[in-house]
Amino acid sequence: MARGRGSTATRGAMVAAAFAVACYCLGLAGVASAATYYVGDSSGWSLSSGSWPHGKQFHAGDTLVFRYMPWLHNVVAVDEEGYNGCSTPPGARTYQSGNDSVRLARGNNHFICTHLGHCSLGMKMVVNAA
Ligand SMILES: *[C@@H]1O[C@H](CO)[C@@H](O)[C@H](O)[C@H]1NC(C)=O
C-alpha cells in the first residue's frame, strides 16, 4: 500500500516536472523568436528601404520599427496588389507616428509609403516572415 502511494506521488511529481520543462522551453522559444528590427537601420524608413530586408531572416512575431519624419512619410500595410500598384486596399492600416512598431505575420508583409508618390519612386518593401 505504502509503495503504491509512493509511486503515484512520484508519477505526479514527474508529470509536474515535465510540464515545468515544457513551459520553460516554450517560454524560451517565444523569447528567442521575437526579434525587433529597425527598418533601414540608421537611415530609417526611406526611399531606399526596399532592399533593406534582403539577406535577413524574419520570423512571424518579430517586430519592425519604422522610424521617419512623420511630415515626410507614412507606412501603409498593404497586400500584394497594393504593393505592386502602389494602391491602398480598403481597411489597410496606416501608421504615421514616425516611430511605428509593426508585428510581422507569417508570409509576405507588404509596406508602402503613400506620401507624394513615394511608393512609385520605390518606397515600398516586402518582408517575408517564416
Ligand atoms: C518609439 O516607440 C517605442 C514604443 O513603441 C518607445 O519605447 C520609444 O521610446 C519610442 N522612441 C522614440 C524616439 O520616440
Side-chain angles (χ1 to χ4, degrees):
M1 276 313 211
R3 189 161 180 263
R5 276 202 307 276
S7 72
T8 301
T10 302
R11 192 169 302 134
M14 285 171 66
V15 168
F19 259 106
V21 169
C23 293
Y24 180 65
C25 289
L26 285 174
L28 280 186
V31 168
S33 68
T36 297
Y37 294 92
Y38 293 87
V39 174
D41 299 313
S42 58
S43 305
W45 171 232
S46 71
L47 284 163
S48 53
S49 295
S51 59
W52 171 81
H54 298 169
K56 297 182 178 63
Q57 298 274 337
F58 301 93
H59 295 94
D62 286 352
T63 298
L64 295 185
V65 181
F66 291 82
R67 287 189 161 152
Y68 54 92
M69 300 298 168
W71 54 89
L72 279 181
H73 305 304
N74 66 5
V75 182
V76 185
V78 298
D79 54 14
E80 187 176 2
E81 194 183 330
Y83 174 86
N84 289 329
C86 287
S87 60
T88 304
R93 178 129 187 221
T94 299
Y95 302 86
Q96 46 200 349
S97 79
N99 177 30
D100 306 315
S101 295
V102 181
R103 187 70 61 90
L104 290 176
R106 196 173 300 279
N108 281 339
N109 297 253
H110 304 85
F111 304 97
I112 65 176
C113 171
T114 62
H115 267 212
L116 303 170
H118 287 179
C119 178
S120 307
L121 293 173
M123 193 162 176
K124 51 180 175 175
M125 182 176 80
V126 188
V127 173
N128 183 269

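Note that this is a predicted model, so its numbers are computed, not measured. Remember, it's 1-based here, ligands and their atoms both numbered in the order they're listed.
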Exercise. What's the shortest distance from atom 9 (O) of ligand 1 to any protein heavy atom, and which residue and atom give it?
Worked result: Asn99 ND2, 4.8 Å
Exercise. Do you know which two heavy atoms are closest between Phe58 and Asn128, and how far apart they sit?
Worked result: CB-O, 3.5 Å
For this session: Kindly state if atom 7 (O) of ligand 1 has a protein heavy atom within a strict 4.0 Å cut-off, that is, under 4.0 Å?
Result: no
For this session: Grab the two heavy atoms, one from Ala77 and one from Ala92, that are nearest each other, plus how far apart they are.
Result: O-CB, 3.4 Å
Problem set entry | Heavy atom of the protein closest to atom 13 (C) of ligand 1 (residue, atom name, distance) | Arg67 NH2, 4.2 Å
Problem set entry | Which atom of Asn109 lies closest to which atom of Ala129, heavy atoms considered | ND2-CB, 4.1 Å
For this session: Using a strict 4.0 Å cut-off to heavy atoms of Ser101, name the atoms of ligand 1 that fall inside it.
Result: 5 (O)
For this session: Kindly assign one of parallel, tilted or perpendicular to the pair Tyr83 and His110, based on the angle between their ring planes and the thresholds 30° and 60°.
Result: tilted
